[in-house]
Amino acid sequence: MSAINPLTAIAVVLATAATDAVYVMFTSAVVARRRVPAATWSSVWYLLSSFAVISSTENWVYVGFAAIGSWIGAYVSMTFLHRPGGGAPFGAAPE
């Protein structure tokens, strides 16, 4: 097993954080029945997750960094989508 590269570990955390944030945006667009945004978020989601998978398979320890990034991305994007006092969540269907 090779040593952990700190830059790769940070890149995996950032890539999975972004992946989960994009996944939340994709789900929001699907729930709002917005086809073009859903398709766009889906393609971005695929590109980001590809990096995370390729980096993680090099050394299994990076999967832990991927899990940390995943948690951060979901937490931050849910915070952004559900701002207090902001009315309907971003991406919600118009009334």
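The first residue of the sequence shown is numbered 1, and numbering continues consecutively from there.
Taken from OG1 in T27 to CG in D20, the straight-line distance is 9.5 Å, to the nearest 0.5 Å. Here the CD1-CG distance, from I72 to L14, works out to 8.0 Å after rounding to the nearest 0.5 Å. Atom-to-atom distance recorded for M25:CE and T40:OG1 is 11.5 Å, nearest 0.5 angstrom.
Of the possible polar contacts, one joining the T19 side chain to the A15 backbone as a donor-acceptor pair under 3.5 Å is found.
Taken together through direct or relayed side-chain contacts under 4.5 Å among Ile, Leu, Val, Met, Phe, Trp and Tyr, I10 and I4 form parts of separate hydrophobic clusters.
Applying the side chain to side chain contact (heavy atoms under 4.5 Å, CB included) criterion to V30, with sequence neighbours excluded, gives F26, A38.
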